Amino acid sequence: MPNSRVNRVLCVAEKPSIAKAVANHLAGGQVNTRNIRGNPYVKNYEFQYNFQTWGACTVTMTSVLGHLLSHDFDARYKGWKSCDPSQLFEASIEDFVEESKQPLADNIQAQARNCQILYIWTDCDREGENIGTEIRSVAVKGNPSLSQPGKTVRARFSNIERAHIVNAARNPIALDEAQSNAVQSRIELDLRIGASFTRNLTLSVQPMLRQHFGNDDQGVISYGSCQFPTLGFVVERYLRVRNFVPETFWTIKVMHEKDRIKVNFRWARNHLFDRMVVVILFERCLTAKTARVTKVQTKPTSKWKPLPLTTVELQKCGSRFLRMDSARVMQVAEQLYQKGWISYPRTETDQFDRDMDLRALVQKQTQGGDWAQFAQGLLNGGFSQPRSGHNNDKAHPPIHPVNFVNPTQLTQDESRVHEFVVRRFLACCSEDARGSKTEISILYGGETFSTTGLTVLERNYLDVYKYDRWTSSQELPRFQEGEVFEPTEALMDEGKTSPPGYLTEPELIALMDANGIGTDATMAEHISKIKERQYVETRARVRGARQDDDDEAASDGEAAAAPEAGRGRGRGRARARARGGRGSAEGRGATNGMQEFIPTTLGVALVEGYENMGFEISLTKPFLRKEMELKMKAICEGRKSKAEVVHETIEQYRDVYIRTQQRLDTLRAAVRKYCFGENA
DNA sequence: GCAAGGTC
């Protein structure tokens with residue numbers, strides 16, 4: 001067999017940071033770093049390595065910058081009026097290297113010429129698999145033999161610890177073509193559907209608005225499988241607030257003063273909407289005169305430390321604790337990552353690998369900062385292995401500090417995000433907070449009332465994670481089980497349910513996450529996209545802390561997702577389930593001053609217009625995107641082919657498109673109603 | 001002038 005001997009290997013990573021880290025681990029000190037022509041970020045690392053599979057080799061390790069290929073329609077379809085937008089469902093698509101990526105492609109093509117093996121080191125996720133095939137397609141142009149079986153391989157790795165990387169280098173596997181195909185179908189569908197609907201929407205609605213307002217202010221009106229459901233969430237909440245009808249309820253309040261401490265007891269029924277019933281129950285209390293203590297129970301309780309930090313969680317906390325919108329938080333996190341202070345900021349993983357040396361990372365934080373002493377305390381015996389969430393993207397560890405940096409070297413925003421990442425990490429490595437909870441119940445005229453008291457005994461992680469609040473309540477007086485007393489005060493009170501608040505950014509992100517809208521890297525972009533398109537606006541929340549109790553959306557994760565998006569149709573992706581079980585720091589008062597999302601008249605008109613067309617599948621709800629996710633999974637598991645998925649999905653949308661055309665007046669009517677204030 | 005997904 002000619003040329004079967006391998007002495008040169010070309011490795012290509014998804015990003016420069018991975019190329020550098022892997023090269024350093026494998027080379028053991030002897031690395032030549034070379035710039036490439038035409039791009040300042042990508043470098044070639046050259047070194048010797050003795051592969052288990054091929055023996056001693058000369059290695060070039062380089063990278064791309066995400067996807068290498070772009071996809072767009074043939075030139076003849078580029079003009080917006082060159083064809084009917086529906087032709088984009090079948091128009092031919094070109095795959096090409098965009099100008100800015102050409103130096104990367106040239107580099108790979110040139111390096112591939114002398115190599116016998118192409119070793120792919122992209123992230124081990126669907127997109128990474130697809131980027132791997134893109135790299136191969138370019139490398140093959142320089143060296144056709146790399147398309148032969150076994151000549152292109154990939155590394156399986158999920159972090160960049162030395163031992164893990166060395167192990168990955170010893171055990172190459174094949175690229176997963178199915179996963180790559182799933183991504184290809186996603187790319188094709190998003191392009192065809194997005195472009196056809198966007199052109200159609202813009203060409204039919206934009207002129208109306210420009211004419212009515214007598215200016216050219218109205219820009220593109222776009223449709224996308226992520227931006228529309230995102231808009232849908234905002235509009236749905238807006239309408240819930242607007243259509244809210246307050247209801248009057250009644251409750252019974254009991255207060256007893258003992259040992260000069262006033263204790264308020266909460267009615268077990270909370271409140272009822274039938275006044276007469278409450279009157280009767282209240283009278284029974286008054287008739288009984290005395291109350292009897294039925295339960296006095298003190299038991300240990302704890303407040304769990306937070307989970308390792310994911311991107312979604314970072315964005316939510318950014319809005320909540322740092323008052324930065326998600327796009328800004330990601331921008332700052334990216335800077336911190338590039339300067340080498342924190343790990344990769346786009347991750348879904350909320351579990352640390354067992355073999356990661358977390359103590360070494362804690363050690364670095366003992367050098368300074370307000371948290372230095374706390375970090376030292378962890379090393380002196382306070383360390384506790386972080387909790388594990390249920391999500392692992394198999395590509396990146398949770399976000400954590402990788403080096404110590406003097407905060408004075410950072411900009412103000414950088415320093416705040418960095419501080420959050422460090423404190424979060426140290427909190428993860430601490431013990432849960434411990435306390436003691438006392439619950440006292442009384443029976444009063446047949447009704448049960450109760451009160452609780454909390455004593456915080458050990459603050460532990462709370463000392464470093466200043467974003468969580470957990471404080472001892474006022475001390476309760478001593479009560480004995482069976483004790484009988486006459487309450488100091490008992491009264492019937494009236495109240496009104498109040499509307500939920502408009503959607504906040506953490507809530508919106510939680511909804512997107514739970515419904516699979518966008519990825520950790522793109523959610524913030526979709527949110528800023530619907531602002532840019534003038535579908536929504538944000539403003540600072542003016543009202544005070546929320547107080548009604550039918551608004552569970554003020555808390556986190558699943559709870560927020562269930563009422564709007566759930567509709568009894570399953571509860572979102574696995575990664576959404578792990579979080580938010582026990583609302584952490586999102587106390588109601590914490591929402592003050594946060595940005596809230598209000599749809600514009602155009603935003604409402606679009607959602608209403610499409611809703612009123614009466615399709616059984618809604619473009620403004622997350623189900624279509626979820627369906628796409630399931631179809632991609634089917635391709636990955638070999639249950640469907642790429643062609644099948646693309647075909648059936650296109651037909652589905654073609655149908656919607658045709659009916660949108662037939663019922664265009666419905667959409668126009670909604671625009672006239674909301675944007676022009678005309679009656680339908 | 002369109003999408004969503006990578007990454008700088």
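Fair warning: this is a prediction, and the values are worked out from it, not measured in the lab.
Side chains of A:E644 and A:S641: a donor on one and an acceptor on the other come within 3.5 Å. A donor-acceptor pair shorter than 3.5 Å cannot be found between the side chains of A:Y657 and A:R659.
Phosphate contact (OP1/OP2 of B:dC2, side-chain N/O of A:S196, threshold under 4.0 Å): absent. At B:dG5, one or more side-chain N or O atoms of A:H526 fall inside 4.0 Å of OP1 or OP2 (strictly under the cut-off). Checking the phosphate oxygens (OP1, OP2) of B:dG6, a side-chain nitrogen or oxygen of A:T519 falls inside 4.0 Å. At the phosphate of B:dT7, OP1 or OP2 sits under 4.0 Å from a side-chain N or O atom of A:Y344.
Rounded to whole Å, the distance from NZ on A:K529 to P on B:dG5 is 12 Å.
Residues A:E627 and A:K631 are paired through a salt bridge, judged by an N-O separation under 4.0 Å between the basic side chain and the carboxylate. Between A:E127 and A:R186 there is a salt bridge, with a side-chain nitrogen of the basic residue lying less than 4.0 Å from a carboxylate oxygen of the acidic one. A salt bridge does not link A:K633 to A:E629: none of the charged nitrogens lies less than 4.0 Å from a carboxylate oxygen.
Closest heavy-atom contact between A:T62 and A:K43: OG1-O, 3.3 Å.
Within residues 129-137 of chain A, no residue has any heavy atom under 4.0 Å from DNA chain B.
With B:dG1, B:dG6, B:dA3 as the candidates, the nucleotide lying closest to the side chain of A:T202 is B:dG1. In the set B:dG5, B:dC2, B:dA4, B:dC2 carries the atom at the smallest distance from any side-chain atom of A:F73. The side chain of A:D190 lies closest to B:dA3 when the candidates are B:dT7, B:dG6, B:dA3. Nearest nucleotide to the A:R625 side chain, out of B:dC2, B:dA4, B:dG1: B:dA4.
Evaluation of A:W80 against the base of B:dG1 yields a stacking contact (centre distance < 5.5 Å, interplanar angle < 30°).
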